[in-house]
S.K.: 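One structure follows; several queries about it will come next.
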There are 2 protein chains.
Amino acid sequence: MVSLAERKRQLVGEELREIALQLLAAKGYDVTTVDEIAAAAGMSRRTFHRYYASKEDVVIQLLADVGEQVRTVLAARPAAEPPAVALRQAVGMAIDFCAGHHDPVKMLAVVRLILGTPSLHARFLELQAGAQAELTAVLAARLGVDGDDMFPEMAVRMALTAFDAALERWAASNGSADPQELTDRAFAVLEPALRPPA
Amino acid sequence: MVSLAERKRQLVGEELREIALQLLAAKGYDVTTVDEIAAAAGMSRRTFHRYYASKEDVVIQLLADVGEQVRTVLAARPAAEPPAVALRQAVGMAIDFCAGHHDPVKMLAVVRLILGTPSLHARFLELQAGAQAELTAVLAARLGVDGDDMFPEMAVRMALTAFDAALERWAASNGSADPQELTDRAFAVLEPALRPPA
DNA sequence: CCTCCACTGACACAGTGTGTCAACCATGCC
DNA sequence: GGCATGGTTGACACACTGTGTCAGTGGAGG
């Protein structure tokens, strides 16, 4: 039975994250203590850490699930589709989550918080490195090449690089730029290198 | 007069880093405390932090200067040189420092420590992100394009991605692979996208 | 009603990073 | 030689993070 306790736990976790994000964005990441976040949410510091392992996690974990979804999208694309198109679709899903219709104002604050806080940016990049390894395996399987071939790895790295560039430029524009168009422009640069190795 | 005190300070810092790296690599990063490192170096924890701001810094700062050198190399390349060649030379310098003749056994241990420790890997990527911004400015100036053009940014990101891929594969081979040849193979994948935009 | 279980708060603890202060030591000046 | 001085160090103290442990509490189900 996952129903009641499980759902309540997830609900509390989401509300806690909401309060934390609001407080961190308003006051600044470094100067905000976990005790303050916990107090704002009406709980003890110990209980906070039962929901999120660290102060970084409460911000980053929002994006942690996206990696898994991106992998699913890539795996679901038709096998005959060129890598450039399949990767563009996968990245498009991620950029839509971060900068799309979901909740632009809130997500812009979160993205700016991550990109503007060194320790959070570091965790963000590390998270991406983990996703990169998984995506590489998926793409290599799609193309039917062995692990010695560098193309799948480089293709995935390039795609994630396009994601980063688009996300940064979107944040730099205060959310006024079109994230999908930025992604298209980044992929246009990469496109000549994204053709499968004959 | 920077001579005596300054040089002694730097000398102590280098020996301290050497001891720290040896201890961290032998025992493991997470389970080694700063007190242990300080004790092994015959000093107090407070004094350790006068040389390195954090336990991460004593490892990462070894690579921090490389970013500056890479920027210098890129800026020194002839202006008429194609971006692919200039970037290849800049990255070649970095990969040579990390995996070249300098001290293969020691550097392999350091690289494996960084790549195998999440918090260090995160700092490493963050450090690289900082270098990326500077290199982008240099390349954009070389090409005489404005900041709206994505090519310089994407080209630098691709080059750093080639660096990462080569470094990881070199570490995975336990240092037996040729780092420059790995870099060449990575750049071969990127090459079609590294031509300047007409 | 009673049992069991998940959740919580209240400690305690190890570890990190920083501020502060007194002691020390080498250099340079009188 | 004596002495001021600036840099270095160790010894605290402090705020903060993250974790282990334990007792209390409240609800779900027998």
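All values below come from the heavy atoms of this structure, side chains included, with hydrogens, waters and symmetry mates left out. So that the names make sense, note that chain A is the first sequence line, chain B the second, and so on, each numbered from 1.
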S.K.: Pairs in or reaching into residues 57-66 of chain A: which pass side-chain hydrogen bond (donor to acceptor under 3.5 Å, both in side chains), with residues at least two apart or in two chains?
M.R.: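 For residues 57-66 of chain A, and leaving out neighbouring residues, the side-chain hydrogen bond (donor to acceptor under 3.5 Å, both in side chains) pairs sorted by first residue read A/S54-A/D57.
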S.K.: What are the atom names and distances for every N/O pair under 3.5 Å that joins the protein to nucleotides 7-10 of chain C?
M.R.:
| unit_1 | atom_1 | unit_2 | atom_2 | d |
| --- | --- | --- | --- | --- |
| C/dT8 | OP1 | A/Y51 | OH | 3.2 |
| C/dT8 | OP2 | A/Y51 | OH | 3.4 |
| C/dG9 | OP2 | A/S44 | N | 3.2 |
| C/dG9 | OP2 | A/S44 | OG | 3.0 |
| C/dG9 | OP2 | A/T47 | OG1 | 2.2 |
| C/dG9 | N7 | A/R50 | NH2 | 2.7 |
| C/dG9 | O6 | A/R50 | NH2 | 3.0 |

S.K.: Side-chain donor-acceptor pairs under 3.5 Å in residues 22-30 of chain A, sequence neighbours left out?
M.R.:
| unit_1 | atom_1 | unit_2 | atom_2 | d |
| --- | --- | --- | --- | --- |
| A/K27 | NZ | A/E36 | OE1 | 3.1 |
| A/K27 | NZ | A/E36 | OE2 | 2.4 |
| A/Y29 | OH | A/E56 | N | 3.2 |

S.K.: Distance-only check: which donor-acceptor pairs under 3.5 Å involve side-chain atoms of residues 124-140 of chain A, not counting sequence neighbours?
M.R.:
| unit_1 | atom_1 | unit_2 | atom_2 | d |
| --- | --- | --- | --- | --- |
| A/E126 | OE1 | B/H121 | ND1 | 2.8 |
| A/Q128 | NE2 | A/D164 | OD1 | 3.2 |
| A/Q128 | NE2 | A/D164 | OD2 | 2.8 |
| A/Q132 | NE2 | A/T136 | OG1 | 3.2 |
| A/T136 | OG1 | A/Q132 | O | 2.8 |

S.K.: How long is the line joining CG of B/D35 and C1' of D/dA11, in whole Å?
M.R.: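 It works out to 13 Å between those atoms.
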S.K.: Return the set of residues passing salt bridge (Lys or Arg N to Asp or Glu O under 4.0 Å) with B/E191 (not counting sequence neighbours), or none when no residue passes.
M.R.: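 Per chain and number, B/E191 pairs via salt bridge (Lys or Arg N to Asp or Glu O under 4.0 Å) with B/R195.
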S.K.: I need the residues from residues 14-31 of chain A with at least one non-hydrogen atom less than 4.0 Å from DNA chain D; give them sorted by number, or say none.
M.R.: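 Those residues: none at all.
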S.K.: Show me the donor-acceptor pairs within less than 3.5 Å that the side chains of residues 92-99 of chain A make with the rest of the protein, sequence neighbours left out.
M.R.:
| unit_1 | atom_1 | unit_2 | atom_2 | d |
| --- | --- | --- | --- | --- |
| A/D96 | OD2 | A/H101 | NE2 | 3.3 |

S.K.: Under 4.5 Å between any side-chain heavy atoms of A/L190 and A/L87, yes or no?
M.R.: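 The answer is no; the side chains never approach within 4.5 Å.
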S.K.: Can you list, in residue-number order, the parts of residues 52-60 of chain B that come under 4.0 Å of DNA chain D, counting heavy atoms only?
M.R.: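 Those residues: none at all.
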S.K.: Contact list please: residues 116-126 of chain B against DNA chain C, heavy atoms, distance less than 4.0 Å, in numerical order.
M.R.: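 Of all residues in residues 116-126 of chain B, none places a heavy atom under 4.0 Å from DNA chain C.
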S.K.: Is atom CD of B/Q10 surrounded by more than 12 heavy atoms (other residues, nucleotides or ligands) closer than 6.0 Å?
M.R.: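 Atom CD in B/Q10 is not packed in, count stays at 12 or less.
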S.K.: Please list, chain by chain and in numerical order, all residues satisfying side chain to side chain contact (heavy atoms under 4.5 Å, CB included) with A/D184, sequence neighbours excluded.
M.R.: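 Side chain to side chain contact (heavy atoms under 4.5 Å, CB included) list for A/D184, sorted by chain: A/R88.
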S.K.: Does any part of the side chain of B/L113, heavy atoms only, come nearer than 4.5 Å to the side chain of B/V110, both counted from C-beta?
M.R.: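 No. Closest side-chain heavy atoms not under 4.5 Å.
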S.K.: Can you tell me the distance, in whole Å, between the NE2 atom of B/H49 and the C1' atom of D/dA15?
M.R.: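 The answer, rounded to whole Å, is 14 Å.
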S.K.: Please identify each residue that fulfils side chain to side chain contact (heavy atoms under 4.5 Å, CB included) with A/E181, with sequence neighbours left out.
M.R.: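 A/D178, A/R185.
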S.K.: Does a side-chain heavy-atom distance below 4.5 Å link B/V145 with B/F151?
M.R.: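 Not in contact.
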S.K.: So for atom CD, which belongs to A/Q69, do other residues, nucleotides or ligands contribute more than 12 heavy atoms lying within a distance under 6.0 Å?
M.R.: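 Yes - once you tally the heavy atoms of other residues, nucleotides and ligands closer than 6.0 Å, there are more than 12.
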S.K.: Partners of B/R45 by salt bridge (Lys or Arg N to Asp or Glu O under 4.0 Å), sequence neighbours excluded?
M.R.: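 Scan of B/R45 (salt bridge (Lys or Arg N to Asp or Glu O under 4.0 Å), adjacent residues dropped) gives B/D35.
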